[in-house]
Each structure stands twice: as C-alpha cells, then as structure tokens.
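First the proteins, then the strands, lettered A, B, ... as listed; each starts at 1. All values derive from a computational prediction rather than experimental measurement.
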Amino acid sequence: MSLAVRLALTLSQAALLAAVAPLVNGFIKVLKARFQRRVGPPLTQGYRDLAKLLVKENLHAAPTSALFRLAPAVSLTSAVLASATFPCVAFGGWAASGDVLTALYVLALGRFFTALAGLDAASAFGGLGSSRDVSIAALAEPVAVVAVLVLAAGVGGPPDGAVLAGVHGTVFTSWRLLAAIAFFLVVLAECARVPVDNPATHLELTMVHEAMLLEYSGREFAASTLAAQVKQTVLLALLAAVFLPDGLGASGDPGALALSAAAFAAKLFGLAALVAVVESSVAKLRLFRVPDFLGAAAGLAILAYVAREAL
Amino acid sequence: MRGTLAHFALLLLLGYAALAFAAARAAPAVVVRLGAVVQVAALGLASVDAVRVLMTGAPQRVALPFTGPFAPVALRLDPLAAVFVCALALVGLAVALYAPAYLDRAGHRMSGPALQALLSLLEASILAVLLAEDLVGFFVAWEIMTGLATAVVLADGHRAEVKRAAILYLVVTHIGTFAALAGLLLLLGDAPSYSFDALRAAAASRTPLVYGIGICLALAGFGAKAGVVPLHIWLPEAHPVAPSHVSSLLSGVIIKVGIYAMVRTALDLAGPPPAWVGHLLLVVGLVSALLGVLYALAQHDLKRLLAFHSVENIGIILLGVGLGISAQHAGLPTVAALALAAGLFHVVNHAVFKGLLFLCAGSVHLGAHTHDLEEMGGLLRHMPSTGRAFLIGALAISALPPLNGFASEWLVLQGFVGATQGSPGLLRATAPLFAGGLALTGALAAACFVKAFAVAFLALPRSENALHAVEVGPMQRLAQNALALSCVGLGLAAPWVVPVLSRVGASLGAGRFTPIPQTGVLGGLGVGSVQPAVLAVAGLALGTALWVWLGRGMKARATGTWACGQGSVDGRAAYTASAFSNPIRRIFSNLYQFERATVPVAGAAPYFVMRSKTRGAISPLFEEHLYQPALRLLRWTSDRFAPWASPSPNRGLVVFAVVAALLLTWAAS
Amino acid sequence: MILVLVLLPAACAVLCLALPARWALAAHGTGAVATLVLAATLARQVLSSGLATAAADGTFRADGLGVTFAVVVAAAAAVAALSGMGSFETQGEAAPLARRYAVLASALLSALLATVLADNLGVMWISMELAAVLGAFLVGFRRDRGALEAAFKYMILGSAGLVLGLLAMSFVYKAGIQALGHGDSALSFQALKKAGPSLAPGTLRIALALAAAGYGVKIGLFPLHTWKPDAYAAAPAPVAGLLAGGAVAVPLCALLRFGALASAAGEGQLTSRLLVGAGVVSVLAAMILVVRETDLRRILAFTSVEHMGFAAMAFGLDPMAMRGGLLHLLANGTLKALAFSLLGYVARERGTSDTQRGPGLFGRSVGLSAMFLVTMAAALGFPPFGLFASELTVLRALYAGGHVAIGLVVTLSLAAVFGVVATGVLRVVFARSDESLPGARGSLADTAAVAVPTLAAMAWVGVAMPPGLWNQLLAVAREFAP
Amino acid sequence: MDRLLSHALILLVAIAIYVLASRQLVRSIRAFAVQSYVLAAVALIAAPKSEHPHHLWLLAALTAGVKGVAVPLALLGAVRRLKIRHDIEFIVNIPSSLVMAAIGTLGAFQIASRTFGTGEEQLKGALGAGMATILVGLVVMLGRRKIITQIVGLLIMENGVILATLGLTLGMPLIVEIGVALDVLVAVQILAIFAYRISNELPRGEGPPP
C-alpha cells in the first residue's frame with residue numbers, strides 16, 4: 001500500500017474511533033441502567049451533552065494559569081493520536097507510525113497534562129484527584145507493558161503492525177487469554193471504571209478522574225470529557241485488536257475489510273458490555289485496596305509470560 | 001606536534017583558570033564574562049572535534065611532550081569518549097551562559113572570578129579524564145576532578161551541612177577511586193606499561209577469579225562516582241549545596257564520567273565481558289532506578305528531588321548498557337547494539353534535561369529565595385520563561401513523547417521486548433521484570449514531576465517570597481531555553497542520532513555489536529518502530545487547532561475556585577508536595593518507614609489544641625543499615641585497640657620484650 | 001665530599017651557638033638548605049656513575065642506598081628548618097629557646113647523615129644513639145609535663161631498642177671475624193656484603209631478628225610505635241616535621257643494611273618475609289588506631305606509622321616495589337615535614353589542632369587554609385604529587401607479584417586512613433563552631449615561602465620525574481633488595 | 001681460670017636478678033656498681049685471650065671507673081634530690097617478673113648455644129650470661145614505675161651487652177667501645193635530668209613523684 005493510502009486509512013480510523021467513543025460510553029450507561037431495571041438515557045445522550053457544552057462559555061478559576069486552557073487540547077490530541085498508532089480493522093502494518101507501547105506513552109502524555117490542570121485551580125479536590133490518578137497510573141503502567149511483552153514474546157518481532165499480523169494467525173491459546181484479562185483489569189483502572197473509580201459519582205471525595213475536571217466548563221469541559229471517552233475506546237480497541245485478534249482481515253480488498261470491520265465493532269461493543277457487567281456486579285474498592293487489585297493484574301500478566309515460556 | 005581541537009580546548013580552559021586567579025582582584029566583572037566566553041569557545045571546539053570523531057568513527061590521538069615514568073603519554077579522543085564530550089559541551093555551554101548573571105548576585109562565599117576559574121578547571125579536568133589514554137593520566141585527572149568538585153561543593157555554603165556534604169562526597173568517591181585503582185591494577189598485572197593498550201592485552205590473559213575481583217572492584221569504585229544505589233548517599237547531599245549552575249554540571253556531567261569509566265572498563269579495557277557482568281549491571285541499574293525515583297518522590301526540597309532523579313537516570317543508563325552486554329550473550333547482536341546505543345543516548349539526554357532542571361531550580365532559588373516546594377506555588381505567573389523551561393524539562397525526564405527522554409527510555413524498553421526473543425536463558429526469563437521495573441520507574445518519575453511542576457509553578461503562592469518572585473535575567477533565560485530546545489531537538493532527531501551512537505558500540509566491541517542502519521525510523525531492526533517526527537507534527541497540528549478553536553469566539557469569565565458553594569478558597573487548601581506524594585508513600589510504606597510527629601504548639605490545655613506542628617521524615621535506609629553499622633564496627637575495633645595506641649612506657653616495653661622474644665625464636669628456629 | 005656533607009650541619013650548630021636568636025635560626029635554615037643541595041649533588045654523582053666513594057679511611061661510604069636516604073633526610077630537614085624560622089619568637093625572653101632549637105636541630109641533622117652514610121656498623125650505631133639523645137632533647141623542648149613525659153618515653157624505648165641494635169651489631173661482628181679475620185674490615189658493611197656467602201647464616205638470622213626488634217622501635221612500626229603519638233604531639237611543629245620526615249627513615253636504612261647482609265648470606269627469604277609482615281601489620285593497625293583520634297597531630301603520627309609500614313613492606317617485595325619504596329620515603333618525608341610545619345601555624349592561628357573544637361580556619365585566613373588543604377591532600381596521596389606516584393608503583397608491584405590479598409588489605413587501609421584524615425582536615429578548615437579560641441595572626445609570607453617550593457618539587461617528582469633518575473633508582477633497588 | 005670465669009658470670013646474672021627482686025632503690029644502685037666491678041674483672045680475665053689485650057684493659061678500667069663509680073654517684077644524688085626512698089609500686093609484681101626473667105635466661109642460653117660451633121667459644125658461657133642479663137635488665141625496666149629504677153634497668157642491659165660482646169668477639173674495636181660507653185653515659189644523664197624536671201613540674205601532692 002502506498003503511503004497516501006496508509007495515511008488516509010489511519011486518519012479515517014482515528015476519526016471513526018473518536019466519533020464512536022461517546023456511543024460506546026452511552027452504550028455502557030444504557031446497559032448498566034438496564035441491569036438496574038431502569039430505562040436509562042438514549043444511546044446518543046453522549047452527543048447531546050457534548051453539543052450542549054459546546055455553546056456554553058468557559059469559566060476559569062482565578063488562580064489558574066495558561067496551562068489550564070492548554071490541558072484539554074493536549075489530552076484530546078493525545079487520545080486521538082493514540083488511536084492512530086495501531087491498526088484495528090486491517091493489518092499489513094499500514095499504521096502510519098508507532099506501536100502498542102507508543103500508544104501507552106502517548107496516553108501518559110495526556111494524563112500528565114490533565115493531572116497538572118487538576119492541581120492548577122488550587123482546590124483540594126483537584127489535588128486529590130491528580131494525586132490518586134497519577135498513583136494508580138504508576139501501578140497500572142508496568143502491568144500493561146508486561147502484558148504487551150507477553151504478546152511480543154509469543155510471536156517474535158516488534159509489537160506493532162507485524163505483531164498483529166503474526167498473532168492473527170495463531171490459535172487462541174490460554175496464555176493470551178490471561179494476558180487479555182490482565183490488560184482488561186488495567187483498562188478498568190486507567191479509564192476510571194468501577195472497581196477503581198466510579199464515573200457516575202460527583203461526590204468530591206470519592207471521584208478520581210472526575211475530580212481533575214471539576215473546574216472545567218463549556219467547550220474545555222467538552223474536550224476533556226471527549227478525551228476521556230476516546231481514551232477508553234482506544235484502550236478497548238487495543239484490547240480487541242491486539243489481544244483478541246480473531247476474525248480480523250489482513251488484505252486490503254473491500255469485502256474482507258468490511259467483514260473485519262464488522263467483527264471489530266462486535267468485539268468492541270462486546271467488551272463495552274463486559275465493562276458494564278463488571279460495573280454492575282462489583283462495588284468500588286477503597287483507594288488503598290487498588291494496589292492489591294493491580295497486584296492481581298500483575299500476577300496474571302507474569303503468569304501469562306511464564307505460561308507462554310513453559311508451554 | 002599536531003594538536004587536536006579537544007586538546008587545544010583543554011589548554012584554553014587551563015590558561016583561562018590561571019588568568020582568572022591572577023586577575024581576580026583587578027576587574028572581577030570582566031574576568032567573569034571572559035570566563036563565559038572562554039568556556040563557550042573551548043567547549044565549542046571540543047564538541048566539533050567530538051562530532052567529527054563520532055561521524056567518522058576514527059579516533060584522534062595527540063602525543064604529549066612529557067617523558068617521565070608517571071607523566072601522561074598522549075591524549076586520545078575515541079567515539080565512546082566523544083559521546084561524553086558532547087554531553088559536557090551541551091551542558092557546559094548553557095552553564096557558561098548562565099554563570100555571569102548568577103555570579104553577579106551578591107552573597108556567594110567565593111568571589112565570582114574564583115568560582116569561574118574553578119568551573120573552567122573542573123571542565124578541563126573532565127576533558128582530561130575523557131581524553132586520558134593511560135592509567136596514570138586517567139587517575140591523575142580523575143582525582144583532580146574529585147578534588148575540584150569537592151572545592152566547588154564547599155564554594156557557596158555557609159551552613160554545617162555543606163561541610164558534611166563535602167566530607168561525604170570526598171570520602172565515598174575517594175574510597176571508590178582506591179577500589180577502582182586496585183581493580184585495574186589487578187587486571188593490569190605484570191603488563192609492561194600503564195597504557196590502556198597494555199591493559200587490554202594483559203586483561204585478556206587474567207584468570208577468571210582475578211578478572212572477577214578486578215572487574216567488580218573497578219565497577220564498584222567507578223559506581224561510587226556515578227551514584228549507583230548502595231554508594232549513592234553523597235549525591236543528594238552534595239549536589240543541592242553547590243552553586244546552582246555548577247550543580248547542573250555536577251549532576252549532568254560529572255556523574256556521567258563515572259558511567260564513562262564503567263563502560264570503558266567493562267566493554268573495552270577488560271576485554272569482552274562475560275554474561276554475568278551484564279546481569280550485574282542490569283540488577284544494579286534496576287535497583288538504582290527504582291530506589292532513586294521512590295526516594296525522589298518523598299522529597300520536598302527541589303534540588304534534593306532532582307539529585308535523587310540523577311540516581312534514577314543513572315540506573316536507566318546502566319539498564320541499557322547491561323542489556324547491551326547480556327543480549328549479546330543471548331545471541332541478539334541487533335538488540336545489543338540498540339540497547340547500548342540507547343544507554344549512550346540517555347547519557348546525552350539526561351545531561352541535557354537534568355542540566356536544564358537544575359538551572360531552573362537555580363533560577364527559582366534566585367527568584368523566590370527558597371528550595372522548599374512547600375514555600376513555592378504560583379511561580380508561573382511571575383516567572384513564565386523559567387516555568388515553561390521547567391515544564392519541558394519535566395516532560396523530558398518523565399519520558400513523554402516527543403521529547404528526548406521518551407526516545408531513549410522507549411528504546412531501552414524496546415530492547416527488553418527484543419530480549420524476549422533471545423535464546424532461552426536468564427535474560428529471556430527476567431526480561432518482563434526489567435521491562436515492568438523500567439515502566440514503573442517512568443510512571444513514578446511522571447508522578448514526581450507532576451508534583452514538582454504543579455506545586456512549584458501552579459496554584460497560589462504559599463509564602464511571601466513566592467508572591468514577590470521575580471524572573472531571572474535574559475542570559476539565564478537564554479541558557480534555559482537553549483537547553484529546552486535541545487531537549488525537543490534531540491527527541492525529534494533520535495532516528496538519526498541513535499544509528500551514529502550504535503557505531504560507538506561497534507568500535508568498542510570489535511564485531512560484537514552490529515551498527516544500526518540509518519533509516520528515518522526510531523528502532524526498527526525487529527524491534528518496535530516509531531517516527532517521532534510524524535507523531536510530533538500530527539500532534540502539533542491537531543493540538544494547536546483544538547487550542548485555538550476552544551478559546552475562539554468565547555470570552556472566558558473568571559470565577560472563584562469551587563469550594564462546595566461556601567465562597568472561594570485561599571492558597572492553603574491546595575495540595576502541597578508531601579500531600580501529593582502521600583498515596584505513593586503509603587503504597588511503598590515498608591521502603592520509606594515514614595515517621596511522623598505532631599507537636600501541639602498553642603492551646604489552653606492538652607485537649608484544646610489551637611495550632612500544632614507536624615514533622616514527618618522518611619528514614620534513610622542506606623545510612624542506617626549499611627553505613628552506620630560499618631562505622632560503628634570500625635569505631636568498636638578502634639576502641640578495642642585503644643590501649644595499644646600510646647600506652648605508658650612500661651606497657652610499651654612489655655610489648656617490645658614480647659616482640660623481641662618472638663622474633664628471636666622465629667629467627668633461631 | 002662525604003665528610004663535608006656530614007660535618008656541615010655540625011659546623012652550623014656550633015655557629016648557631018655564637019649567634020643571637022634571629023641569626024641562629026637563619027643560619028640553621030641556610031645550613032639545612034645547603035646540606036640538601038650538597039646531598040643532591042652527591043646523590044646525582046654517585047647514582048649516575050654507579051660507583052660509591054669512600055671517605056675517612058672507610059668509616060663513611062656513599063653507596064646508592066646511603067645517598068638516597070641522605071637526600072630524604074636532608075629534604076625533610078630543609079623543609080622543617082625553613083618553617084622553623086617562622087615559628088619561634090626571636091625577641092624578648094624566648095630568644096635563647098630559638099637558639100637552642102637551632103643548635104639541637106642542626107646537630108641532629110648531622111647525626112642522621114652520619115648514620116646513613118656510615119660504612120662502619122659501629123659508627124652507624126653510635127651516631128644513631130647520638131641522634132636519639134638529641135631527638136629526646138628536641139621532643140622535650142617545651143619543658144611542660146606532657147613534653148617531658150613524651151621525651152622520657154621516647155628516650156626509654158629508644159635506648160632499649162638501641163641496646164638490641166648494639167647486640168645485633170656484635171653478632172654481625174662475630175660472623176665478620178669468622179669470615180674476614182680481626183680488624184676494622186669485619187665491621188665494614190661493604191666488606192661484609194662482598195664476603196656475603198661466607199658469613200654464618202645462623203648468626204646473621206639472629207642479628208637480623210635483633211636488628212628488626214631494635215630498629216623497629218626507632219622506625220615506629222606497630223606494635224613498637226607507642227612513643228610516636230605523644231612525641232609528635234608534644235614536640236614543637238618543626239621538630240615533629242624533622243622527626244616524622246627524616247629521623248624515622250634513618251633506622252629503616254640501618255635495618256635495610258642488616259637485611260642486605262642477611263640476604264647476601266642466603267637468608268633473603270627471611271628478610272623479605274619479616275619486612276612485608278611488619279609492613280602490612282603496621283598499615284592495618286595504623287588504620288584501626290587512627291579512627292578514634294581527634295587531634296590532627298596524633299592523626300598525622302599514625303599516618304606516619306602507616307607510611308613507614310608501607311615503605312617497609314615495599315622494601316620486602318621485589319626491586320620494582322623497593323624503587324617505589326625509596327620514592328615513597330622521599331615524598332612522605334618531605335610532605336610529612338611540611339604537613340607538621342603547617343599544622344604548627346594552623347594550631348597557632350585557630351588556637352588548637354583538635355578537629356572537634358575550635359573555629360574554622362577558612363574564616364580566619366583563606367591563604368593558610370588553601371595551602372594547608374593542598375599540603376594535606378599531597379600528604380594523603382592526591383595525584384599530581386610524589387606520594388601518589390610511589391603508592392601507585394608499590395601497589396602495581398604488589399598486584400603484579402600476585403600478592404592479591406595483601407594488595408586488597410593495603411588498598412583498603414590506605415582508603416580508610418584517607419577517609420579519617422580528610423574528615424579531620426575538612427572539619428578543621430571549615431568548622432563553624434562559635435567557641436573562638438585565642439589565635440595569633442601569623443604572617444602568610446613565611447608559610448608560603450616554605451610550602452610553595454616544596455609542593456612544586458613534589459609535583460615535579462610526581463609527574464615529571466626524569467626517566468634516567470628512575471632507572472638509577474631501580475639499579476640501587478636491585479643492589480639492596482632481599 | 002675457667003672456674004673463676006664461670007663463678008663471675010653466675011654472680012653477674014645473680015646481681016641482675018637481685019636488682020629485679022629488690023624494693024630498695026639505693027640497694028639496687030649499689031648492686032649495679034658491684035656488677036660493674038665484676039664485669040671489669042671478667043674483661044681482665046678475657047684480656048690474655050684476645051689479640052690486643054690493651055683494649056680490654058682499657059675497657060675494664062672504663063667500666064669500673066664510669067659505671068662502677070661515676071654513674072652510681074649521679075644516681076644517688078638524683079635519688080636524694082627526688083626524695084624517694086624505695087620503689088614499692090610495681091607494674092609487674094616480683095614473682096611474675098622473676099618467672100619472666102627465668103624464661104628469658106633459658107631462651108638466652110638456648111640461643112647462645114646455637115651461635116657457636118663446638119670449641120670455638122673463647123669465653124665459655126659469657127654470651128649466654130650477657131643475653132640473660134640483657135633480658136633481666138629489660139624486665140626490670142618494664143616492671144617498675146619509678147624512673148630511677150628504669151634507669152638502673154637500662155644500665156644492667158648495658159652491662160649485659162658488653163658481656164655478650166666479650167663473649168662473642170672478645171670486645172669490639174676500640175673506638176666503638178669508647179663511643180658506646182660515652183653514649184650510655186650521656187643517655188643516663190639525660191634520663192636523670194628528665195626525672196628531675198618532671199618532679200619539678202609536678203606541683204606538690206599531685207600523684208607520686210616519678
């Protein structure tokens with residue numbers, strides 16, 4: 001494939017994932033409501049909220065500096081960029097550049113600026129949120145890297161496009177499932193889902209991710225929320241494409257492409273459903289139980305690596 | 001006698017130092033400025049030479065006129081030394097720009113010209129160490145560097161801990177030097193001369209046991225200078241007390257000379273290293289990295305925080321070098337070359353961003369007259385340029401794309417990913433642990449610098465000094481911005497710099513490291529690949545577009561910070577440094593053993609306490625469990641021997657009689 | 001030429017008797033420097049030509065070893081004498097003290113030179129005894145109780161040691177008579193060495209043992225060092241410098257001569273094992289003992305024990321190490337003399353030489369503290385100076401000879417002693433204690449006049465030593481190594 | 001003559017041990033004087049055996065004169081000035097010092113017997129007795145606290161060396177003998193001066209006089 005075609009495919013994938021992000025988040029909300037025997041908001045509620053916010057004015061707290069206005073732009077950019085670093089639908093390494101580890105580092109850039117913005121408003125809640133989010137991320141990052149390492153080790157070669165192509169061909173083995181579960185737990189931690197953080201709450205002392213965005217309003221808040229949703233979709237897409245690659249087409253002809261796109265969408269929403277199931281069945285952990293939670297994820301990842309080595 | 005530029009730079013620096021001491025009284029301001037010019041010129045020349053050597057791969061040698069048995073015979077600049085000369089040049093140029101304005105401010109214990117002279121002597125001694133071509137010249141320059149560094153540490157302080165820092169620094173590094181000297185002499189054995197070539201030839205014929213003892217002693221000795229974990233206790237004491245522009249040189253370059261000596265010994269002088277040397281470096285690197293960043297997180301003195309981060313980054317460099325050696329034994333020459341190149345690249349990167357951060361810390365000290373993060377806050381409003389430079393430095397050290405820290409740390413991580421495909425063995429089994437450790441270090445560093453930047457520069461000022469902070473002079477800002485720009489530049493130019501550095505490995509390892517081809521992609525060669533330029537351009541375009549769009553057409557209204565509806569909040573409610581690091585301190589509590597004491601200050605009775613003072617401190621593990629017991633043991637044995645020190649004449653005669661009798665019986669038998 | 005060298009300081013001593021205090025000190029200083037110049041020319045002449053010249057029908061003879069030790073002693077004496085000029089009051093009622101010091105120091109110098117250059121073992125012993133007596137007077141110079149007790153301890157231990165030295169000499173004389181018949185040649189070192197194999201090994205072994213015990217006390221090797229800390233702490237600074245620099249090296253030369261005779265008679269292994277054993281024990285013990293000392297003079301005394309042990313060990317190994325040992329004695333002698341002299345000025349400036357008490361020197365005079373720091377660094381083996389070169393050579397020979405364990409122990413001890421002394425020095429210079437003791441303002445000129453040329457000379461020896469001289473030293477080492 | 005010689009040698013060592021065991025300062029000084037006379041006698045006995053007998057006559061005169069008369073008088077004067085009658089304090093009590101002296105004597109004779117081949121020794125047993133006296137003198141020096149007693153110990157060691165030298169080589173060349181005697185004299189003088197000065201420095205009532 002020529003560079004231009006590859007660039008076009010990458011950009012379209014990034015735009016597609018960014019567009020579908022509020023839908024995925026809405027889907028999780030609707031499913032949770034159903035489990036609680038509620039009707040729940042319409043699927044497109046996410047888009048309506050964003051539209052509403054776009055017309056509202058930006059309120060800036062007195063102590064904030066220029067960085068407060070820069071943070072939403074950086075976090076949204078990093079989320080969108082992360083989605084462009086690995087191919088979800090078709091393989092052949094057409095992703096313009098980067099690999100799975102780069103995606104994690106780009107997301108870390110977004111988290112860095114969001115945490116700074118949280119602290120900028122000189123409020124206790126922003127500091128609380130940033131401190132906890134950064135601590136949790138510090139424990140989650142190594143587990144994600146080890147999980148990716150398990151994949152790369154299994155196949156040989158770099159964990160970028162080629163890995164995906166290689167992995168696509170192999171039979172579904174047990175250690176890949178373990179690695180997938182470990183990565184899934186990391187996704188729960190990174191995207192502020194229930195066992196680690198409750199996205200629905202607005203009680204200042206319990207929320208982690210929301211606390212950092214407390215001071216935002218108007219367009220900046222829309223950008224930050226969208227960034228969070230895109231990050232969640234990107235991680236779920238990563239899980240779907242890298243860890244469970246079955247059914248994803250490799251060649252460029254439109255028929256196979258459409259088939260693998262459908263398979264990818266199905267897996268994406270399946271994982272979203274899994275998130276909703278987990279959120280409805282498990283209570284939020286106390287903050288200092290989270291290290292044990294992530295310790296379990298780390299144990300799983302190491303077990304996966306040992307299993308792959310031994311078997 | 002054809003002199004190379006580096007050799008000429010050395011003479012230039014020495015000449016200036018002599019002049020500065022001579023003309024110190026005459027015109028201090030002129031001498032200080034002249035010092036800056038000389039340093040810029042000398043380091044510029046040296047870096048030109050270094051780049052030429054790196055590009056061509058051909059070492060430059062200059063014979064010296066001395067003929068004595070102990071005089072250095074020649075100065076030689078080979079690719080490995082060139083990398084470190086570049087690091088010295090980058091930081092040295094910025095320091096030269098920064099120094100004049102810093103020295104004009106009053107309140108230094110040592111006068112401006114004297115400090116400039118010391119600085120140029122220090123840079124000359126570093127150059128001499130890098131260019132030395134035989135053991136005697138190397139150790140002469142090495143010791144002079146240690147002596148000058150101690151003098152510099154003592155230059156500015158009035159307080160008692162300056163003396164303690166200087167003593168700690170001099171004693172620990174000098175004992176390390178003795179160990180290294182013993183190690184290298186062990187390897188040298190009965191070789192004809194002291195030159196490195198004789199050492200290379202002799203080291204090959206050493207028995208494994210002698211090689212083992214020699215290499216361990218040498219690595220431990222040089223490790224003490226580099227600040228590797230068990231021997232690092234002097235680093236967080238010495239670097240913060242030195243004058244700011246010099247502590248950036250100390251932290252950025254002088255501990256790298258320790259790394260240079262370790263790499264030179266392990267890879268070059270002692271012949272091809274066995275696998276266990278690689279594993280040893282890996283383990284020591286990981287321990288240094290993790291403990292360095294964990295201890296940094298618990299600091300609230302900005303310069304001590306940065307000093308501990310030097311320990312962390314030294315750990316990362318050792319991870320790269322160690323992986324280079326181990327991967328080569330696991331049958332992965334490409335991964336080995338990549339890892340070694342990453343290690344050397346991180347040497348340059350760390351020199352640049354650590355130098356930048358220490359300069360910014362110096363500016364903050366000048367502007368806000370404090371090192372304590374708790375007393376800062378809201379400095380971005382008064383010191384925007386320093387703030388921006390500190391932010392770029394923070395992003396670089398937290399290994400966030402697209403800066404240089406990301407490039408080298410990401411490469412080391414890719415090395416570990418590549419290592420998982422090696423032949424089954426210790427490296428392949430432990431690769432995920434090292435990769436996980438490195439990722440943890442990177443994430444903790446990011447957490448630490450969110451704290452450092454936010455608590456210092458954002459939110460509301462927490463003290464009078466912070467409120468009336470004032471930005472530093474234009475030259476100092478220029479120095480900081482220059483280093484910030486080179487951080488970004490090195491990050492983007494990584495795909496072209498790393499292959500050049502991989503040739504250094506090839507020149508050292510005689511075929512054990514295959515050089516990386518020159519492609520526009522960072523990594524490649526069967527390991528993950530990323531084009532930092534593409535990432536940066538796309539990110540920049542999208543980011544600016546969004547930023548403009550978010551602010552356009554909408555006037556932003558200023559309101560108070562949300563305080564649950566009860567009016568607005570003042571600076572005291574904001575998160576401070578120790579508050580921010582509390583979660584991590586509790587997670588890693590068994591490492592910190594944090595002791596906290598709350599003392600009521602005012603109040604009618606013990607029950608109605610109006611105000612109280614809380615003091616918390618982490619227990620210095622290494623001092624308590626490693627150094628104090630050693631000292632106590634030495635003092636205990638010394639007390640046991642006390643009666644023999646200088647007893648009464650009678651006891652002296654008793655000893656004399658016993659010794660005479662023993663000798664006679666021994667001789668007669 | 002040898003007689004002139006030996007008698008010059010003696011003549012100077014007589015001259016000082018007649019002169020007033022100020023001129024006596026100056027005469028002593030110039031006398032010492034002249035002796036150094038004379039010794040250096042004699043040394044260059046003997047070493048370059050390789051053949052020894054005799055004098056006074058054979059009682060004195062300048063062979064390689066003797067000449068080298070003569071330079072060591074003369075250098076230390078010159079440094080001590082020059083610094084002596086600045087440290088004694090020459091007006092008022094203290095004037096006779098200065099003159100007495102000048103006379104005694106010059107006489108001591110001539111006694112030391114006589115010992116080193118004597119070929120006749122009897123004359124060597126007599127001049128050693130004379131030096132001991134003069135040394136005792138110099139140690140007890142201040143007449144307070146501490147000085148007198150130190151002098152007494154120095155005298156008692158010294159005399160006991162020299163008695164055994166005398167017995168050792170008589171044993172050698174007996175072996176000499178058996179081999180060479182009666183007459184003076186039986187006591188001449190040169191003759192005995194030439195007749196080496198015919199000497200009775202048994203007798204020489206006992207002689208060596210007695211000499212080791214006897215002269216061991218005078219050298220101050222552990223455990224016979226007990227007089228050193230008190231003597232150096234009680235003596236005035238220039239005297240301590242002269243003793244630590246020159247006076248302790250001379251008995252080492254005597255011991256080496258007995259060692260050379262023993263190895264000529266086939267007992268080389270015993271000599272080397274004795275020297276190396278004594279040396280390593282002294283280095284290790286000095287390291288342990290120095291840890292608890294707080295007074296800088298006592299710390300320097302123990303470093304003197306350590307460096308003498310280091311030199312003895314070097315002489316016990318092979319010729320390469322012996323060459324390093326000779327250089328070590330020269331460098332250590334001169335730098336120790338300079339260190340003690342400067343310590344005298346430092347103690348006068350800040351009131352005490354204790355590392356725990358007293359104000360920082362940096363506050364009182366920057367020039368003196370700079371010189372003091374550089375001198376102490378040089379005395380501890382910092383590179384550009386001679387001591388680093390000698391330590392490097394000896395350690396190199398040690399590791400090349402395969403003595404890895406001894407090498408590691410010695411390196412560890414050197415490093416630990418450096419740590420202790422450096423801590424003490426930095427405390428003395430950069431202390432900030434508010435307890436301001438009475439300190440007299442000394443003039444910087446006379447300290448610089450002593451320190452700068454000495455340090456320059458040591459740097460020249462350390463870095464720019466001409467290869468020719470270096471090989472000649474190796475020739476001397478080959479001739480006298482066990 | 002040999003019987004007389006052996007009696008003299010035994011007497012010499014006995015006197016040394018007597019000084020070791022005595023508490024009275026004045027008596028030990030007088031004992032030392034007697035020992036010097038006996039030593040002079042031994043020198044006279046040895047004179048005919050050596051090639052240049054006049055050396056030994058001079059040695060005998062020197063020993064008798066200097067060590068028999070001059071030194072004891074000086075020491076007694078010092079004792080009077082320091083007003084000390086007897087040396088009751090011991091670092092090493094008498095029985096153990098005697099044991100040490102005995103062991104020393106055994107060792108000395110053991111070593112002495114090794115140095116001579118059969119029949120070579122002119123003065124039978126003189127070397128052994130000399131070394132024994134040296135060791136006993138050393139024990140006297142290290143066992144006592146008073147300076148004067150230590151000086152007597154040193155002088156006894158001195159006599160021991162001269163006896164040993166006689167035994168070994170029937171005396172040293174003349175200039176060496178004279179030099180040795182002179183040096184010993186000077187050393188003793190200095191020690192006496194120190195003893196006197198230390199006692200002056202000592203303000204009344206502070207610890208025992210040295």
The complete set of salt bridge (charged side-chain N to carboxylate O under 4.0 Å, His left out) pairs with one or both residues in residues 119-145 of chain A, sequence neighbours excluded, reads R111(A)-E141(A)

Most heavy-atom pairs under 4.5 angstrom with chain B, which of [options]?
options: A298(A), A62(A), P72(A), G127(A); answer: G127(A)
options: A73(A), S131(A), A61(A); answer: S131(A)
options: A138(A), A137(A), G126(A); answer: A138(A)
options: V106(A), L119(A), I302(A); answer: L119(A)

From [X] atom [atom1] to [Y] atom [atom2], the distance as rounded to the nearest 0.5 Å:
X: L67(A); Y: R388(B); atom1: CG; atom2: CZ; answer: 11.5 Å
X: F457(B); Y: S65(A); atom1: CZ; atom2: OG; answer: 11.0 Å
X: T64(A); Y: L458(B); atom1: OG1; atom2: CG; answer: 10.0 Å
X: I136(A); Y: I587(B); atom1: CD1; atom2: CD1; answer: 8.0 Å
X: L116(A); Y: L395(B); atom1: CG; atom2: CG; answer: 8.0 Å
X: W410(B); Y: Y105(A); atom1: CH2; atom2: OH; answer: 10.0 Å

Proximity breakdown for [X] and chain B, heavy-atom pairs closer than 4.5 Å:
X: F113(A); value: side chain
X: V145(A); value: side chain
X: A108(A); value: both
X: F288(A); value: side chain
X: V143(A); value: neither

Name the region of [X], side chain, backbone, both or neither, that has any atom closer than 4.5 Å to a heavy atom of chain A.
X: L433(B); result: side chain
X: L391(B); result: side chain
X: S398(B); result: side chain
X: F588(B); result: side chain
X: A429(B); result: backbone

Is the terminal nitrogen or CZ of R69(A) (NZ for Lys, CZ for Arg) located under 6.0 angstrom from the six-membered ring centre of W547(B) and within 45° of that ring's axis?
no

Output a table of donor-acceptor pairs, distance under 3.5 Å, between side-chain atoms of residues 379-386 of chain B and any protein atom two or more places apart or on a different chain; print 'none' if there are none.
residue	atom	partner	partner atom	Å
R381(B)	NH2	P63(A)	O	3.1
H382(B)	NE2	L467(B)	O	3.0
T386(B)	OG1	E471(B)	OE1	2.6
T386(B)	OG1	E471(B)	OE2	3.4

- prompt: Between W549(B) and L54(A), is a side-chain contact (heavy atoms from CB on, under 4.5 Å) present by the stated rule, with each step listed?
  reply: CA-CA 11 Å; W549(B) 175 64; L54(A) 286 183; 3.4 Å; yes

Interface residue of largest heavy-atom contact number with chain A, from [options], under 4.5 Å:
options: G543(B), A447(B), G442(B), P583(B); result: P583(B)
options: A579(B), A454(B), A541(B); result: A454(B)
options: A538(B), A431(B), A439(B), P402(B); result: A439(B)

ring-ring contact (aromatic ring centres under 6.0 Å, His included) filter on F183(A), not counting sequence neighbours, yields F243(A)

Return the minimal non-hydrogen interatomic distance between [X] and [Y], and the atom names on each side.
X: P432(B); Y: L149(A); value: CA-CD2, 3.2 Å
X: L81(A); Y: G539(B); value: CD1-CA, 3.5 Å
X: V146(A); Y: G436(B); value: CG2-CA, 4.0 Å

### Query
What's the verdict on side-chain contact (heavy atoms from CB on, under 4.5 Å) for F580(B) and L128(A), showing C-alpha distance, side-chain angles and the deciding distance?
CA-CA 8 Å; F580(B) 189 89; L128(A) 192 86; over 6 Å; no

Residues of residues 208-216 of chain A with a heavy atom under 4.5 Å from any heavy atom of chain B, in residue-number order, are L214(A), E215(A)

